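Structure first, commentary second.
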Amino acid sequence: MSKHKVTKIGVLTSGGDSPGMNAAIRAVVRTGIYHGLEVFGIRRGYSGMIDNDIFLMDSKSVANIIQRGGTILKTARSDEFRTPEGRAIAYKNLKRLGIDGLVIIGGDGSFKGAQTFSNEYDIPCIGLPGTIDKDIAGSDVTIGFDTAVNTAVEAIDKIRDTMDAHDRLFIVEVMGRDAGYIALHSGIATGAENIIIPETKTDIEELIANLTEKEKRKKLVNLIVVAEGGQFGDANELAKIVKGRLPNADVRVCILGHIQRGGSPTCEDRLIASHMGYYAVESLLIGRHNVMVGVINNKIHYTPLNHAVKQKQTIGQEWMKIVKILAS
Ligand code: F6P
């Protein structure tokens, strides 16, 4: 717990944006105002702290944003904040405005920055996990994952219509950086014949044997959902390998890309963002510092920021078995 009694807090979004960040900002601003705090918005993440792009927010400034993707505060990845000089300027700017607590909505890189800053300057920081990748230790959910995975499912369903019409083999690449959650969830939900994720080594011979066997029994429609950042490079590289080994297959590639980051957040993402945003402010008020607000087993859970690092998922082998059985 911190010795500070906060009176003025800053809120920022940092790293890749994710749908639901606006809902979290709204919750932080309105909970802060409810408790009589002054709430400052910081634009473009840590860059805005250094550039002094900081403004007082009121209840109206977060009106009509809960349903909007992106982030009204904008976001960035700041190299300058990684330097002691950059952080010193940031601190001076906060100090001048009297800001004595921060809420950081972002991923593990943003939390590392917050932890370092807080160690140096004793400003309590509360993190909220905002990333479509769902790869943060200390929370079962992250703000934006549900929307991203539903966007992927909607897109893949459309691809299935056309691949089915043409008897094609489609390789669809989804985001996740080096985590396979989006691929696993969207692949299962769209009945993918194969799912390739970085956490599990894929035996290319087994994959080719599986596709060859399907070709022999005239099952030509095959969907492979592959996570970016995997063992084969991008989806085009994988397509080259498959085409080389199955010359008769009509192979197409679709890389879904940034459409997964945009769009109106789902109900689930709006709820978790509102819940976490509320608890971020409550946490600052009771003197918590340097923790991430997460949800584990449907309950709010606090994790020290330095433990809220990137987490690799452990894929239950049972799921992989189910995928194979259901796609046979
Ligand atoms: O971390 C979110 C994410 O969308 C990853 O899934 C992806 O690898 C990366 O960000 C893309 O980053 P950028 O928008 O900088 O290209």
Side-chain angles (χ1 to χ4, degrees), residues 12-24 43-48 68-82 104-114 127-156 171-187 189 195-199 225-238 253-266 269 272-273 276 292 294 305 308-313 315:
L12 61 90
T13 47
S14 166
D17 63 311
S18 65
M21 280 183 161
N22 281 328
R43 289 196 189 89
R44 294 185 180 79
Y46 296 120
S47 305
R68 283 169 53 194
T71 157
I72 58 161
L73 292 178
K74 300 193 178 281
T75 185
R77 298 183 176 109
S78 168
D79 286 333
E80 215 182 335
F81 195 71
R82 289 183 227 274
I104 293 104
I105 308 165
D108 73 320
S110 313
F111 299 157
K112 269 182 215 143
L128 300 186
T131 166
I132 63 165
D133 302 335
K134 199 171 96 77
D135 58 350
I136 307 282
S139 190
D140 295 340
V141 292
T142 60
I143 298 165
F145 172 75
D146 189 60
T147 308
V149 88
N150 276 294
T151 300
V153 165
E154 200 184 325
I156 297 170
I171 301 175
V172 180
E173 181 183 296
V174 297
M175 275 189 167
R177 200 177 294 274
D178 46 16
Y181 287 97
I182 299 178
L184 185 71
H185 288 231
S186 64
I195 300 173
I196 300 179
I197 52 175
E199 293 84 350
V225 174
V226 58
E228 65 177 354
Q231 69 191 82
F232 302 110
D234 79 3
N236 289 307
E237 297 301 315
L238 178 62
V253 171
C254 179
I255 298 178
L256 293 186
H258 286 81
I259 63 160
Q260 294 159 97
R261 283 244 294 266
S264 182
T266 57
D269 276 330
I272 62 171
M276 288 175 176
M292 181 193 79
L305 279 182
V309 289
K310 252 189 193 307
Q311 172 169 265
K312 287 255 180 228
Q313 61 179 334
I315 305 291

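For ligands, and for the atoms within them, numbers begin at 1 and follow the listed sequence. The structure displayed is predicted, hence computed values, not measured ones. Just so you know, residue 1 is the first one in the sequence shown, and it goes up from there.
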Can you give me a line-by-line list of nitrogen or oxygen pairs between ligand 1 and the protein shorter than 3.5 Å?
residue, atom, partner, partner atom, Å
ligand 1, 1 (O), Asp133, OD2, 2.6
ligand 1, 1 (O), Arg177, NH2, 3.4
ligand 1, 4 (O), Arg261, NH1, 2.7
ligand 1, 6 (O), Asp133, OD1, 2.7
ligand 1, 6 (O), Gly176, N, 3.1
ligand 1, 6 (O), Arg177, N, 3.4
ligand 1, 6 (O), Glu228, OE2, 3.3
ligand 1, 8 (O), Glu228, OE2, 2.5
ligand 1, 10 (O), Arg177, NH2, 3.3
ligand 1, 10 (O), Arg261, NH1, 3.1
ligand 1, 14 (O), His258, NE2, 2.8
ligand 1, 14 (O), Arg261, NH1, 3.0
ligand 1, 14 (O), Arg261, NH2, 3.0
ligand 1, 15 (O), Arg77, NH1, 2.7
ligand 1, 16 (O), His258, NE2, 3.3

Sequence-distant partners of Tyr46, ring-ring contact (aromatic ring centres under 6.0 Å, His included), two or more places apart: Phe81

All salt bridge (charged side-chain N to carboxylate O under 4.0 Å, His left out) counterparts of Asp178, not counting sequence neighbours: Lys310

CZ-CG distance between Phe145 and Asp135, expressed to the nearest 0.5 angstrom: 10.5 Å

Val141 side chain near Asp146 side chain, heavy-atom distance below 4.5 Å: no

For Asp133, all residues meeting side-chain hydrogen bond (donor to acceptor under 3.5 Å, both in side chains), sequence neighbours excluded: none

Test item: side-chain donor near acceptor, Asn150 and Thr266, under 3.5 Å: no

